[in-house]
Asker: 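Pasting in a structure now, in structure tokens, and then I'll have a few things to ask.
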Amino acid sequence: MPYVPLSAKETEKNLRKSGTKEKILALLNERKGTSYSGQELADTLNISRTSVWKAINALREEGVKIEGSTNSGYTLAPESDVLNSYVVEALLNEDSRSFYRINCVKTIDSTNLKCKSEAESGAYEGVAYIAEEQTKGRGRRGRSFFSPDSTGLYLSILLRPELEISDAVLITTAAAVAAAVASEKVNDLIKEGDVKIKWVNDLYLNDKKISGILTEAGLSMETGGFDYAVMGIGFNLAPPKGGWPDDIKDTAGSLFTEDSCPAGTRNRLAAEFLNEFLPIYKALPDVTYLSEYRKRQLTLDKEIDVIDGAGNKKRAHAVGIDDRCGLIVIFEGEDEPVTLTSGEISTRVI
Ligand code: BTN
């Protein structure tokens with residue numbers, strides 16, 4: 001479908017539909033643990049006390065833990081880690097604030113699907129959907145992505161890249177580097193360089209996968225180039241309350257342990273990631289993050305299985321990353337190095 005941009009006014013209207021609820025949440029979040037009276041909230045937002053009361057009730061129905069009443073004052077429970085567009089925006093740097101249009105939602109089918117539908121309605125690049133839970137999280141190779149409530153962060157960005165289709169992998173690898181750096185910024189318990197990247201773009205901590213990325217593209221029939229790309233990333237912040245599903249229980253891990261994830265981490269991680277991603281995305285096709293991408297590789301100098309789309313395995317030695325983020329390997333019994341670039345190929349360290 002041809003790209004028909006919405007006017008700035010229409011986009012603003014579409015993307016900032018909500019308002020009162022989110023603003024109240026942002027105010028309560030600033031004073032987490034101490035109260036805000038109904039009157040103070042009403043005066044600050046220039047709305048009636050009834051509107052405050054209605055918004056508080058709606059937030060409570062969504063599961064946000066707000067204690068108190070309009071007379072005694074409202075308090076956001078100190079342990080709450082609710083995603084909020086205003087909080088995320090406040091943590092963005094200036095460039096990010098003018099590029100991204102942040103939409104935080106509690107539950108969604110898939111943030112990638114939502115951004116794809118925005119793309120097809122002509123939305124500008126920079127639209128971002130961030131969710132606490134996905135009911136139809138999409139993973140690579142047509143798999144689903146486990147996206148439980150309370151312990152994860154699911155984020156997608158609509159992009160309109162001016163890149164060759166063959167450079168699509170650079171969007172994904174840029175996101176992997178941004179995610180690794182952002183993850184270390186929000187977790188003081190880990191060191192710089194602890195978060196590794198398993199080629200192409202899975203994030204690992206202590207040999208467990210803590211984050212996955214899925215970039216989906218829409219092509220323009222006229223130019224043969226990108227109409228849009230949607231870059232989606234899912235983070236496991238803490239172990240899920242009900243445990244990991246059987247199929248990933250041996251490989252999945254989380255950025256924090258059960259009790260070590262501080263309140264407010266979700267908003268911070270979202271903002272740090274968006275801030276880290278923007279400059280390296282804007283610099284593409286220059287791969288300004290190449291040394292960071294190389295440095296964090298989990299696979300290098302190791303024996304690996306290279307698995308193609310049909311599931312066929314071939315043993316190889318991983319020897320390097322080329323300057324377009326391809327993985328250079330030497331297959332068993334061969335002498336010449338080969339560069340792997342296809343997103344259909346996966347690797348397993350032996
Ligand atoms: C993978 O490891 O297979 C990639 C997983 C990508 C998951 C993210 S979560 C946010 C975005 N929305 C989706 O439905 N998928 C991506």
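Both ligands and their constituent atoms are indexed starting at 1 by order of listing.
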Asker: For Gln39 and Asp43, does a side-chain donor sit closer than 3.5 Å to a side-chain acceptor?
Answerer: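 Yes.
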Asker: Under 4.0 Å from ligand 1, counting heavy atoms only, is it the side chain of Lys209, its backbone, both or neither?
Answerer: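 The answer is the side chain.
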Asker: Check this for me: does any side-chain nitrogen of one of Lys185 and Glu276 sit under 4.0 Å from a carboxylate oxygen of the other?
Answerer: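 Counted as a salt bridge, because a side-chain N and a carboxylate O are separated by less than 4.0 Å.
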Asker: Would Glu184 and Arg296 pass as an ion pair if we require N to O under 4.0 Å?
Answerer: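 Here Glu184 pairs with Arg296 in a salt bridge, since their nearest N and O are under 4.0 Å apart.
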Asker: Of all the atoms in ligand 1, which lie at a distance below 4.0 Å from a heavy atom belonging to Ser110?
Answerer: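 Within the 4.0 Å cut-off of Ser110, ligand 1 contributes 12 (N), 13 (C), 14 (O).
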Asker: If we count only N and O atoms by modelled type, under 3.5 Å, do the side chains of Thr75 and Ser35 hold a donor and an acceptor together?
Answerer: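 No, Ser35 and Thr75 have no side-chain donor paired with an acceptor closer than 3.5 Å.
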Asker: What part of Leu113, side chain, backbone, both or neither, has a heavy atom within less than 4.0 angstrom of ligand 1?
Answerer: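 Leu113 to ligand 1: no contact under 4.0 Å from either part.
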Asker: Just jot down the ligand 1 atoms closer than 4.0 angstrom to any heavy atom of Ile213, in number order.
Answerer: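 Matching atoms, with element in brackets: 4 (C), 6 (C).
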Asker: Is Lys314 positioned over the aromatic face of Phe331, cation under 6.0 angstrom from the ring centre and no more than 45 degrees off axis?
Answerer: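 Verdict for Phe331: a cation-pi partner in Lys314.
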Asker: I'd like to check whether Lys136 has a polar contact with ligand 1, where a contact means an N/O of the residue lying under 3.5 Å from an N/O of the ligand.
Answerer: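 No; every N/O pair is 3.5 Å or more apart.
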Asker: Closest non-hydrogen protein atom to atom 5 (C) of ligand 1, residue and atom name please, with distance?
Answerer: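 For atom 5 (C) of ligand 1, the nearest protein heavy atom is Phe145 CD1, 3.3 Å.
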Asker: Show which atoms of ligand 1 fall inside a sub-4.0 Å distance from at least one heavy-atom site of Gly137.
Answerer: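 Per the distance check, 14 (O).
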Asker: Pull out every atom of ligand 1 sitting under 4.0 Å from any heavy atom of Leu214, numbered as shown with elements.
Answerer: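 Those qualifying, in numeric order: 6 (C).
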Asker: How close do Cys104 and Asn84 get, counting heavy atoms only, and between which atoms?
Answerer: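 Smallest interatomic distance, heavy atoms only, reads SG-C, 3.6 Å.
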Asker: Applying a 4.0 Å heavy-atom criterion (strictly less than), which segment of Gln134 is in contact with ligand 1: side chain, backbone, both, or neither?
Answerer: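 Just the side chain.
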Asker: Out of all atoms in ligand 1, which are within 4.0 Å of some heavy atom of Thr111? Include the element for each.
Answerer: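 In order of numbering, the contacting atoms are 10 (C), 11 (C), 12 (N).
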Asker: Glu132 and Tyr154: side-chain donor and acceptor closer than 3.5 Å?
Answerer: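 Looking only at side-chain atoms, Tyr154 and Glu132 do not form any donor-acceptor pair under 3.5 Å.
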Asker: What atoms of ligand 1 come within less than 4.0 Å of a heavy atom belonging to Leu155?
Answerer: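 Ligand 1 atoms under the 4.0 Å threshold to Leu155: 10 (C).
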Asker: Provide, to 0.1 Å, the distance between atom 3 (O) of ligand 1 and the closest protein heavy atom, together with that atom's residue and name.
Answerer: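 Nearest neighbour among protein heavy atoms for atom 3 (O) of ligand 1, to 0.1 Å: Arg140 N, 2.8 Å.
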Asker: Only heavy atoms count here, so choose which of Ile108, Asn112, Asn201 is nearest to atom 11 (C) of ligand 1.
Answerer: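 Nearest heavy atom to atom 11 (C) of ligand 1 lies in Asn112.
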Asker: Among all protein heavy atoms, pick out the one at the shortest distance from atom 15 (N) of ligand 1; state its residue, atom name and that distance to 0.1 Å.
Answerer: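 Minimum-distance protein heavy atom for atom 15 (N) of ligand 1 reads Arg138 O, 2.8 Å.
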Asker: Evaluate the criterion side-chain contact (heavy atoms from CB on, under 4.5 Å) for residue pair Val200 and Tyr293; output intermediate values, then yes/no.
Answerer: CA-CA 10 Å; Val200 185; Tyr293 184 69; 4.0 Å; yes
Asker: Ignoring hydrogens and geometry beyond distance, is a side-chain donor-acceptor pair present between Thr107 and Glu133 at under 3.5 Å?
Answerer: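 There is such a pair between these side chains.
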